[in-house]
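For the single chain, residues carry numbers from 1 onward in sequence order. The figures here come from the full heavy-atom set of this structure, side chains too, leaving out hydrogens, waters and symmetry mates. Counting convention: from 1, in listed order, for ligands and their atoms alike.
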Amino acid sequence: MITEAAVIPGELIDKLADSRKIVFFTGSGVSAESGIPTFRGDDGLWKKFSAQELANFDSFMRNPDMVWEWYQYRRRIIHDSEPNAGHRAIVDFEKYFDVTVITQNVDDLHHRAGSSHVLELHGNITRNKCTQCGEIFTGEVRLEDRKPPRCACGALIRPDVVWFGENLPEGVYEKAEESCEACDMMFVVGTSGVVYPAALLPSAALSSGAIVVDVNIDEEDHQHNRRFFLKGRSGDVLPALFERVKILKEY
Ligand code: OAD
């Protein structure tokens with residue numbers, strides 16, 4: 001069922017009100033209204049920058065200065081942004097549901113909004129880690145003479161995010177898959193669903209009998225095997241959805 005944001009089907013609200021466990025699976029679209037660019041839209045990061053050069057370990061080792069500069073640039077954008085109405089609505093759902101957030105985003109905005117249970121599939125840009133010993137560094141890094149920092153063990157430090165060709169953080173995908181298999185309803189919010197293995201998660205929920213709902217501004221990114229499509233910005237759709245279910249829960 002395809003619908004504009006303003007029209008949320010009553011059937012969806014009824015099924016949501018009957019649900020206990022829900023999953024929000026998010027991509028960069030959920031942070032677009034916070035001013036953080038997505039990856040593949042017209043203004044997307046991968047339209048202007050090369051994923052091969054900037055999100056790849058070998059390239060980092062060849063040119064760490066360039067990769068660090070790009071991550072520091074993204075960090076400044078993220079640091080200056082705030083969670084938006086979509087992130088906040090996801091927190092509101094915790095009032096009535098057992099909510100798991102599974103995000104492909106590295107921007108930390110679900111945590112900053114106050115979500116209690118967030119699984120970060122692609123790491124977190126606010127952290128760094130040693131390329132050799134794996135030590136994790138939290139907190140802001142200032143580059144001296146624009147030189148990438150080094151760990152006490154002597155090796156280069158890198159952003160703690162997942163690059164192409166790398167494994168997801170240990171155990172996180174497995175936990176995400178378990179949440180999808182156990183949930184009653186899954187919202188797939190603001191993602192083009194083209195990066196694997198993350199893109200397999202909605203199928204895990206579907207095959208376990210959950211209702212899967214796409215929330216996206218672009219109908220082309222709605223996968224037709226899913227039950228509902230709410231067309232619109234997540235910052236509009238998710239608060240509207242919450243208000244509708246709140247009425248059913250409270251009266
Ligand atoms: P994409 O740029 O591929 O997709 C963004 C999606 O958000 C598109 O489907 C847009 O239509 C939708 N969108 C944009 N604004 C929206 C809004 N306000 N409300 C709702 N939807 C909106 O980004 P991702 O799917 O997140 O991986 O990309 C997945 C992964 O590819 C990223 O985690 C990153 C990237 O390479 C790594 O870096 C490993």
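- For the side-chain hydrogen bond (donor to acceptor under 3.5 Å, both in side chains) criterion with D107, the lone passing option out of S81, S34, S31 is S31.
- Using a 4.0 angstrom heavy-atom cutoff, G235 does not count as in contact with ligand 1.
- The distance criterion of under 3.5 Å between nitrogen or oxygen atoms is met by W46 with respect to ligand 1.
- In terms of polar-atom proximity, defined here as any N/O pair under 3.5 Å, G190 does make such a contact with ligand 1.
- In this structure, atom 5 (C) of ligand 1 lies nearest to the protein heavy atom S28 OG, 3.6 Å.
- Note: the hydrophobic cluster containing F164 does not contain L200 (ILVMFWY, side chain heavy atoms under 4.5 Å, direct or indirect links).
- Residues T26 and H110 have side chains that bring a donor and an acceptor to within less than 3.5 angstrom of each other.
- Within the 4.5 Å cutoff, no side-chain heavy atoms of R244 are placed close to those of L248.
- For E250, the CD atom is densely surrounded, since the number of other residues' heavy atoms within 6.0 Å is greater than 12.
- The protein heavy atom nearest to atom 3 (O) of ligand 1 is S192 OG, 2.5 Å.
- Nearest protein neighbour of atom 17 (C) of ligand 1, counting heavy atoms only, is G29 O, 3.3 Å.
- On a distance-only criterion, V195 and ligand 1 share no N/O pair closer than 3.5 Å.
- For atom 38 (O) of ligand 1, the nearest non-hydrogen atom from the set I217, N84, V162, L121 belongs to V162.
- Within the listing of ligand 1, atoms 29 (C), 33 (O) sit less than 4.0 angstrom from a heavy atom of Q104.
- On a distance-only criterion, N105 and ligand 1 share no N/O pair closer than 3.5 Å.
- The minimum heavy-atom distance linking M186 with A205 is given by the pair SD-CB, 3.5 Å.
- Put simply, L238 and I217 are part of two different groups of oily side chains (I, L, V, M, F, W, Y) that touch within less than 4.5 Å, one to the next.
- When the heavy atoms of V106, D221, L168 are ranked by distance to atom 8 (C) of ligand 1, first place goes to D221.
- Residue-ligand proximity, G232 to ligand 1, at heavy-atom distances under 4.0 Å covers atoms 19 (N), 20 (C).
- Distances below 4.0 Å separate heavy atoms of D218 from the following atoms of ligand 1: 11 (O).
- For F93 and F242, the distance between ring centers is under 6.0 angstrom.
- Under a cutoff of 6.0 Å and an axis angle of 45°, R158 and W163 form a cation-pi pair.
- Interface of A32 with ligand 1, defined as ligand atoms under 4.0 Å from a residue heavy atom, comprises 15 (N).
- Remark: ligand 1 atoms within the under-4.0 Å shell around heavy atoms of T38 are 2 (O).
- If you look at S234 next to ligand 1, the close heavy atoms, those under 4.0 Å, come from the backbone and the side chain alike.
- Within the 4.0 Å heavy-atom criterion, the part of H122 lying near ligand 1 is the side chain and not the backbone.
- For atom 18 (N) of ligand 1, the closest non-hydrogen atom of the protein is E33 OE2, 2.8 Å.
- Residues K15 and R227 are in side-chain contact: their nearest non-hydrogen atoms beyond the backbone lie under 4.5 Å apart.
- Considering only non-hydrogen protein atoms, atom 28 (O) of ligand 1 sits nearest to R40 NH1, 3.1 Å.
- Cluster annotation: V213 and V101 are assigned to the same hydrophobic cluster (Ile/Leu/Val/Met/Phe/Trp/Tyr, side-chain heavy-atom contacts under 4.5 Å, transitive).
- The single protein non-hydrogen atom nearest to atom 10 (C) of ligand 1 is N216 OD1, 3.5 Å, given as residue, atom name and distance.
- Of all the atoms in ligand 1, the ones that sit under 4.0 Å from a non-hydrogen atom of G27 are 26 (O).
- Of all atoms in ligand 1, numbered sequentially from 1 with element shown, those under 4.0 Å from a heavy atom of T191 are 6 (C), 7 (O), 9 (O), 24 (P), 25 (O).
- For atom 32 (C) of ligand 1, the closest non-hydrogen atom on the protein side is F39 CE1, 3.6 Å.
- Residues C180 and I102 approach most closely at SG-CD1, 3.7 Å, considering heavy atoms.
- A distance-only check finds a donor-acceptor pair linking the side chain of N105 to the backbone of G27 [under 3.5 Å].
- A heavy-atom distance below 4.5 Å is found between the side chains of R40 and V194.
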